[in-house]
Amino acid sequence: VASAVLTLSAVAGNSCGDINLRLRGRIGDALDRMIAGHLAGTDIGYVTAPFKTHNERENLWRTEFWGKFMHAAEPFARYSGNPELRKIIDRGVADILAAQDASGYIGNYPDEKRFAAGGGWDLWGMKYTLMGLIHNYDGTGNAASLEAAKRLLSGERVLCNPAVVFQSNGRQGSGVFLELKDRYLGS
């Protein structure tokens, strides 16, 4: 039977309050291997490449991968303190921020296929990009990630287009925007 020992220690500024949890034993060892091998071994240039080209013509969902990577990588970087993982995250964030166009769009679809006009997964990918930016802001306080998230949502192509509907936690309309506004901009 695998077991884990949780070690509690006070760590100022930890996102979990003042508690730092560290798994030990077989489970902790397996988690450490996963972080070092999978997350810190990610080819982030490959993950962010679709955002640079805007040439998605097959209606695929490649832009969800960066946000999903961030969903795991940011908390595990804080958990592990792995410097290689932090470098990969920072490079990926820099790539994503550089890919944001003047309208606020961050994605891989050409203009004529954006927002499901071509039957693709653009909005789905944008949702995960938004979540990845928020994970980075929450984990590091990186104001550029928060600003990019706000620009992504308030850009002329999103909120000024009545056909665009985001949904989050059961909130219809621009629910992700409302959560972002409530959480970071005030109600």
Side-chain angles (χ1 to χ4, degrees), residues 2-54 56 60-101 104-108 121-122 124-153 168-169 176 179-180 183-184:
S3 65
V5 175
L6 298 179
T7 304
L8 304 177
S9 61
V11 177
N14 186 302
S15 66
C16 297
D18 62 356
I19 297 174
N20 184 21
L21 299 176
R22 188 80 182 140
L23 294 172
R24 304 274 184 225
R26 288 178 58 196
I27 293 173
D29 292 344
L31 182 60
D32 290 344
R33 283 192 308 274
M34 184 277 301
I35 292 168
H38 293 290
L39 290 172
T42 297
D43 179 354
I44 200 66
Y46 177 79
V47 175
T48 60
F51 292 90
K52 299 173 186 177
T53 59
H54 304 287
E56 180 58 62
L60 297 176
W61 53 88
R62 294 179 186 121
T63 52
E64 79 179 71
F65 301 143
W66 179 80
K68 287 182 174 183
F69 167 79
M70 290 296 291
H71 183 70
E74 197 62 69
F76 281 130
R78 290 191 310 272
Y79 167 81
S80 69
N82 184 310
E84 291 304 312
L85 179 54
R86 176 51 53 203
K87 287 179 194 174
I88 290 167
I89 291 169
D90 292 347
R91 180 175 162 224
V93 169
D95 287 351
I96 293 300
L97 296 177
Q100 189 165 41
D101 73 17
Y105 178 76
I106 306 174
N108 68 328
W121 291 86
D122 193 30
W124 184 263
M126 288 172 62
K127 172 186 72 172
Y128 281 103
T129 300
L130 175 68
M131 291 167 61
L133 290 165
I134 295 302
H135 280 299
N136 181 248
Y137 175 75
D138 285 345
T140 66
N142 182 354
S145 288
L146 179 60
E147 187 59 33
K150 291 189 291 188
R151 287 185 59 224
L152 175 60
L153 282 173
S168 179
N169 291 335
V176 174
E179 287 182 19
L180 181 70
R183 190 166 171 194
Y184 299 104

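From S145, atom OG reaches atom CD1 of I134 across 8.0 Å, with rounding to the nearest 0.5 Å. Atom CG of D29 is separated from atom CZ of R24 by 9.5 Å, given to the nearest 0.5 angstrom. Interatomic distance, I96 CD1 to R91 CZ, rounded to the nearest 0.5 Å: 11.0 Å. Atoms CD and CZ, on E74 and R78 in that order, are 5.5 Å from each other to the nearest 0.5 Å.
Judged by distance alone, with hydrogens and angles left aside, the side-chain atoms of Y128 form no donor-acceptor pair with the main-chain N or O of H71 at under 3.5 Å.
Between A149 and L130, the shortest heavy-atom distance links the atoms CB-CD1, 3.4 Å. The two residues T63 and T129 come nearest to each other via the heavy atoms O-OG1, 3.7 Å. Of all the heavy atoms in D32 and Y79, the pair that sits closest is OD1-CE2, 4.1 Å. Residue A40 comes nearest to E84 through the heavy atom pair CB-CB, 4.4 Å, listed as atom of the first residue, atom of the second, then distance. Looking at every heavy atom in both residues, A144 comes nearest to N142 through N-OD1, 3.0 Å. For the residue pair I44 and G92, the shortest heavy atom distance occurs at CG1-CA, 3.6 Å.
Between F51 and L97, the closest side-chain pair of non-hydrogen atoms is not below 4.5 Å. Using a 4.5 Å heavy-atom threshold, the side chains of F69 and L39 count as touching. Within the 4.5 Å cutoff, the side chain of L133 has heavy atoms near those of the I106 side chain. Residues F76 and N82 are not in side-chain contact: their nearest non-hydrogen atoms beyond the backbone lie 4.5 Å or more apart. The shortest distance between side-chain heavy atoms of Q100 and L152 falls below 4.5 Å.
Using a 4.0 Å cut-off between a side-chain N of Lys or Arg and a carboxylate O of Asp or Glu, R86 and D90 qualify as a salt bridge.
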